[in-house]
Amino acid sequence: LTAVAPRVDVRTSGIWQLNSVVLSSDGDALVVDPGYFPRELLDLQALARERGTVRAVVFTHGHWDHVLGWRSFPQAPVHASPRLVRDVREGAPTAARNLANAADFDGRWYVPRPGPPAWPDELRALDEGARLRVGAAEVEALLLPGHSADGLALRAAAAGLLITGDHLSPCEIPFVDDLDAYRRTLRRLLALLDGLDEVIPGHGPRLSRVEARAVAAADLEYLDALADCRGRGDAAGALALALPRAAGAPGMSDAHRDNCRAAGLAV
Ligand SMILES: [Zn+2]
């Protein structure tokens, strides 16, 4: 049975241009990274219901801005990478920290929720290459560590579409958890882009293949330069590297410093 292209709807949150995606086909729908504010989640819920029955929610990774909206789709099982499933089940520090960060943000900005931030009771693992059916359409999971150990992308091959989580965002620099994993992921994405038409990143506008390729190439150049500095033990050189974009955005130089530290440099 050949999969058809799903209908694609994107809703962008007021926080960090976080993208929530609704894929639908034949009266079935799948929601990726539902977020963030309560009124946005109501809109997303209404949109998804208009498209069909929500059969699945997928988290691209465990960072707090991506994982709070699952309660808006109470009938749908929630899927994530095997790593995130394990971290949540075992109560790993990263899983606890993600919830604590959400509670902190909500508290500071008086964001009302039906309950405190929590993980779903059941999280289902999507292994590399695992497929989810959405009506007559199909998506495939790709495991993409680098920004976080629990990263996952979704490819809808029939639509030429890749949903990349926090990789390839055009409004921020790469936020690195594991430098070498991130570089491998970018090289993999560059190879994958040949067969794609569009990328929906976790934050910022949708990207054509050409735009996505430019972001990936600039990010890889930046991270390769960071790896070179690591190889020489050159902390000052690493700090002085040009950022691939958003250099003037508040916090971006702090994020760059964090990347230097993630590379093992004492900055
Ligand atoms: Zn993230």
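Atoms within each ligand, like the ligands themselves, are counted from 1 in listed order. Computed from a predicted structure; not experimentally measured. In this chain, residues are counted from 1 in sequence order.
Side-chain atoms of L226 and N259, non-hydrogen and from C-beta on, do get closer than 4.5 Å to each other. Between T60 and L154 the shortest side-chain heavy-atom distance does not fall below 4.5 Å.
Each of V8, V31, L44 was compared with V21 under the side chain to side chain contact (heavy atoms under 4.5 Å, CB included) criterion, and only V8 meets it.
Here R232 does not pair with D228 in a salt bridge; the nearest charged N to carboxylate O distance is not below 4.0 Å.
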Stepwise salt bridge (Lys or Arg N to Asp or Glu O under 4.0 Å) test for R230 and D180:
CA-CA 11 Å; R230 176 186 61 185; D180 292 322; 3.0 Å; yes

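Excluding waters, the set of protein N, O or S atoms lying under 2.8 Å from the Zn ion (ligand 1) comprises H61 NE2, H63 ND1, H147 NE2, D166 OD2.
Sequence neighbours left out, the pairs with a member in residues 186-223 that pass ring pair (Phe, Tyr, Trp, His ring centres under 6.0 Å) are H66-H203, Y222-H256.
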